[in-house]
Amino acid sequence: MNQKEIRVRFAPSPTGPLHIGGVRTALYNYLFARKNGGKMILRIEDTDQTRFVAGAENYINEAFNWCGIEFDESIEKGGEYGPYKQSERKHIYKDYAEQLINSGNAYYAFDTTEELTKIRSEFEAEKKTFIYNAIERKNLRNSLTLSKEETKKLISDGEAYVIRFKMPEDETVVMNDLIRDRVEVNSSVLDDKILFKSDGMPTYHLANIVDDHLMKISHVIRGEEWLPSLPLHVLLYDAFGWEKPEFAHLPLLLKPDGNGKLSKRDGDRLGFPVFPLEWTDPKTGNVSAGYREDGYFPQAFINMLALLGWNPGDERELFSMEELIEAFSIERVGKSGSKFDLEKAKWFNHQYLVKENNETLAELLMPIVIKNGVTVNQEKLSEIIALVKERATFVADLWGQVDFFFIRPKDYDAKAVKKRWKANSYDLMLELKELLSSFEDFESDIVENAVKQWIEANEYGMGAVMNAFRLLVVGALKGPHLFDIVAMIGQEETLERIDQGLNELGRKE
RNA sequence: GCACCGUUCGUCUAGUCUGGUCAGGACGCUAGGUUUUCAUCCUAGUAACACGGGUUCAAAUCCCGUACGGUGUACCA
């Protein structure tokens with residue numbers, strides 16, 4: 001037995017709002033952790049201080065909070081492997097970088113950015129690719145080409161330096177990925193990546209490996225964009241002599257038109273949100289749409305996202321978070337990228353809206369009702385919602401389905417009038433009004449029975465009466481069962497609407 | 001350019017490991033039905049194994065090649 005504890009992490013960089021690809025990565029990590037009784041860690045990777053964006057970290061927390069993705073260890077929650085923010089772990093990394101130098105796996109390099117840019121463009125001019133590798137590093141200024149004394153002097157003189165990984169010259173690196181199985185690459189095409197920057201901060205590669213090791217991460221589940229740096233990471237674990245975690249590289253979320261990784265800009269261009277929550281850029285003031293603000297239920301959002309790249313192997317599509325946890329397995333994650341489909345996302349939301357109970361929907365709709373100057377109690381609104389909710393995708397759509405319960409028709413749909421307001425409609429409605437005013441009890445089925453009897457007895461025709469009636473009550477040929485509507489608005493209001501309609505539409509010649 | 005990853009209906013996907021079902025489901029779309037109307041709903045239809053070779057009695061499935069797409073190639077993550 002002696003099963004190792006399952007520990008996974010989601011490690012965003014606070015350089016802006018988290019987009020749905022990131023949310024999905026976090027979700028899969030979360031599902032995997034919960035499914036296997038493991039722990040889920042949130043680590044903020046802010047080693048690049050030049051890209052810091054105010055509010056991003058807060059956004060990340062709020063987004064996960066909305067989605068229902070919980071962390072066991074994080075900045076807020078704490079945990080025994082903290083701190084959970086890399087800038088606060090700054091002091092840790094230098095020692096590890098030096099450990100690698102001492103073991104001959106890394107070296108100091110004194111090249112400036114300008115020098116390297118120049119060399120790269122020279123190579124490019126000759127149509128060659130510059131790789132900072134075992135061959136090129138022999139021609140550059142670093143602790144491998146310089147003597148020990150020179151190196152020491154440069155450093156003590158305050159010369160800027162970075163620490164680079166000493167990539168083996170010609171070695172096959174074999175890696176295993178839970179989704180892609182075996183992947184191999186020869187180290188000769190890899191370059192001596194910078195591990196430690198001249199500003200005293202580690203790069204992603206170093207910080208990531210050190211933190212994953214220190215935080216006892218058992219499974220690294222991350223986006224496919226990291227697959228090319230997996231060899232480096234594997235070699236780094238080996239250089240430290242540490243046990244490697246399992247790796248799983250998730251396929252990317254693609255833009256709906258054409259191909260390519262879904263990017264932050266695509267949302268505005270294509271008219272759908274790429275962010276869970278609305279985001280206002282602190283510099284430009286630009287506002288990007290969010291699923292929450294667009295009216296999606298977090299459960300629908302999560303459900304939709306979970307099925308983008310994973311499936312349970314059977315034909316179920318509707319999953320609560322609990323059901324997702326139960327059904328999830330990393331092996332059933334696909335290999336190829338998936339395009340986001342707005343129509344399917346809407347369909348998911350519709351499913352959740354229909355399932356949602358009427359009282360909750362009434363509560364959510366109430367602000368919109370009030371904004372439209374209508375006063376109604378929640379109980380009555382719930383009853384009305386019950387009649388119409390299958391027609392809506394979003395809570396906001398509901399208003400367009402219920403407004404005529406509260407507001408008399410201001411005008412009458414021209415097409416409907418043309419089609420259904422016939423020469424005899426006026427007299428028919430006049431007679432119907434007489435009939436309706438005779439009721440003591442204005443219940444839906446009582447009125448319905450009586451009206452139907454009256455139609456049959458006089459052979460007026462169901463369509464002729466009902467369509468004209470609906471036109472006067474609703475103002476258009478839409479809406480739920482008409483007798484439910486009139487029962488809901490009441491006898492007096494119904495009669496007044498008939499009067500108003502008769503006035504407005506008049507007798508057709 | 002180089003390296004790596006990928007490729008089943010328009011989209012999300014099942015099936016591929018362990019060759020042998022009319023290649024299944026969902027969204028969308030189209031048509032019909034239900035309804036007093038619209039929507040929902042129901043039924044039906046639509047449409048795919050990237051291409052070329054090979055192995056085999058038999059290939060979406062195994063092998064090789066090609067094409068296409070993606071990712072990476074920063075003192076970004």
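A note on names: the letters A, B, ... follow the listed sequences, proteins ahead of strands, and every chain is numbered from 1. Fair warning: this is a prediction, and the values are worked out from it, not measured in the lab.
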Practice prompt. Measure distances between side-chain N and O atoms of A:H481 and base N and O atoms of B:rU35, and say whether any donor-acceptor pair falls under 3.5 Å.
Written response: no
Worksheet item: A:L482 near the nucleic acid: base, sugar-phosphate alone, or nothing, with a heavy-atom cut-off under 4.0 Å?
Response: base
Worksheet item: Using purine N1 to pyrimidine N3 plus N6-O4 or O6-N4 for Watson-Crick, or N1-O2 and O6-N3 for G-U wobble, both under 3.5 Å, which nucleotide pairs with B:rU40?
Response: none
Discussion item. Please give the distance between the C1' atoms of B:rU40 and B:rG52 as a whole number of Å.
Written reply: 49 Å
Worksheet entry | Base partner of B:rC2, which must satisfy Watson-Crick or wobble distances under 3.5 Å | B:rG72
Worksheet item: In the strands shown, is B:rU34 matched to any nucleotide by a Watson-Crick or G-U wobble pair with both distances under 3.5 Å, and which?
Response: none
Item to complete: Output yes when A:K193 and A:D191 qualify as a salt bridge under the 4.0 Å nitrogen-oxygen rule, no when they do not.
Response: yes
Worksheet item: OP1 or OP2 of B:rG10 less than 4.0 angstrom from a side-chain nitrogen or oxygen of A:K339, does that happen here?
Response: no
Worksheet item: According to the Watson-Crick and G-U wobble definitions, with both distances under 3.5 Å, which nucleotide is paired to B:rA58?
Response: none
Worksheet entry | A:E504/A:R497 salt bridge by N-O under 4.0 Å criterion | no
Worksheet item: According to the Watson-Crick and G-U wobble definitions, with both distances under 3.5 Å, which nucleotide is paired to B:rU21?
Response: none
Practice prompt. Determine: side-chain N/O of A:K344 to OP1/OP2 of B:rG25, distance under 4.0 Å, yes or no.
Written response: no
Practice prompt. Using the P atom on both, measure B:rA23 against B:rG45 and round to a whole Å.
Written response: 15 Å
Worksheet item: Hey, are A:K344 and A:E317 close enough for a salt bridge, meaning a charged N less than 4.0 Å from a carboxylate O?
Response: yes
Worksheet item: If you look at every strand shown and take non-hydrogen atoms under 4.0 Å, does A:D111 touch a base, only sugar-phosphate, or nothing?
Response: base
Worksheet item: Has the side chain of A:T129 got a donor or acceptor that lies under 3.5 Å from a partner of the other kind on the base of B:rC2?
Response: no
Worksheet item: So which one's nearest nucleotide on RNA chain B is more toward 5', A:R420 or A:G334?
Response: A:G334
Discussion item. Both A:L308 and A:M462 contact RNA chain B. Taking the nearest nucleotide for each, which residue is further toward the 5' end?
Written reply: A:L308
Fill in: Which nucleotide in B:rA26, B:rC75, B:rU37 has an atom nearest any side-chain atom of A:T113
B:rC75
Worksheet item: With a 6.0 Å cut-off on ring centres, are A:Y352 and A:F297 close enough?
Response: no
Item to complete: Using whole Å, report how far CG of A:D484 lies from P of B:rA39.
Response: 19 Å
Worksheet item: Would you call A:K433 and A:E431 a salt bridge, using N to O less than 4.0 angstrom?
Response: no
Discussion item. Check the phosphate of B:rU13 against A:N311, side-chain N and O only, distance under 4.0 Å to OP1 or OP2. Yes or no?
Written reply: no
Worksheet item: Does a side-chain N or O from A:R222 land closer than 4.0 Å to OP1 or OP2 of B:rU71, or not?
Response: no
Fill in: SB check A:K244 A:D238 (cutoff 4.0 Å)
yes
Discussion item. Using a heavy-atom cut-off of 4.0 Å across all strands, would you classify A:L252 as base, sugar-phosphate, or nothing?
Written reply: sugar-phosphate
Item to complete: Tell me whether the OP1 or OP2 atom of B:rU11 has a side-chain N or O from A:S338 closer than 4.0 Å.
Response: no
Discussion item. I'd like to know if A:R180 reaches the base of B:rC5 with its side chain, counting only an N/O donor and acceptor under 3.5 Å.
Written reply: no
Worksheet item: Has A:K261 got a side-chain N or O lying under 4.0 Å from the OP1 or OP2 atom of B:rG72?
Response: yes
Item to complete: Kindly say whether, by distance alone, the side chain of A:R391 makes a donor-acceptor pair under 3.5 Å with the base of B:rC38?
Response: yes
Practice prompt. Using Watson-Crick or G-U wobble geometry with both distances below 3.5 Å, tell me the partner of B:rU7, or none.
Written response: B:rA67
Item to complete: Between B:rG15, B:rU7, B:rC27, spot the one nearest the side chain of A:R332, thanks.
Response: B:rG15
Worksheet item: In the structure shown, which nucleotide is the Watson-Crick or G-U wobble counterpart of B:rU46, with both distances under 3.5 Å?
Response: B:rG28
Worksheet entry | Sugar-phosphate, base or nothing in reach of A:R316, heavy atoms under 4.0 Å | nothing
Worksheet item: Taking the same atom, P, in B:rC63 and in B:rU18, what whole-Å distance lies between them?
Response: 10 Å
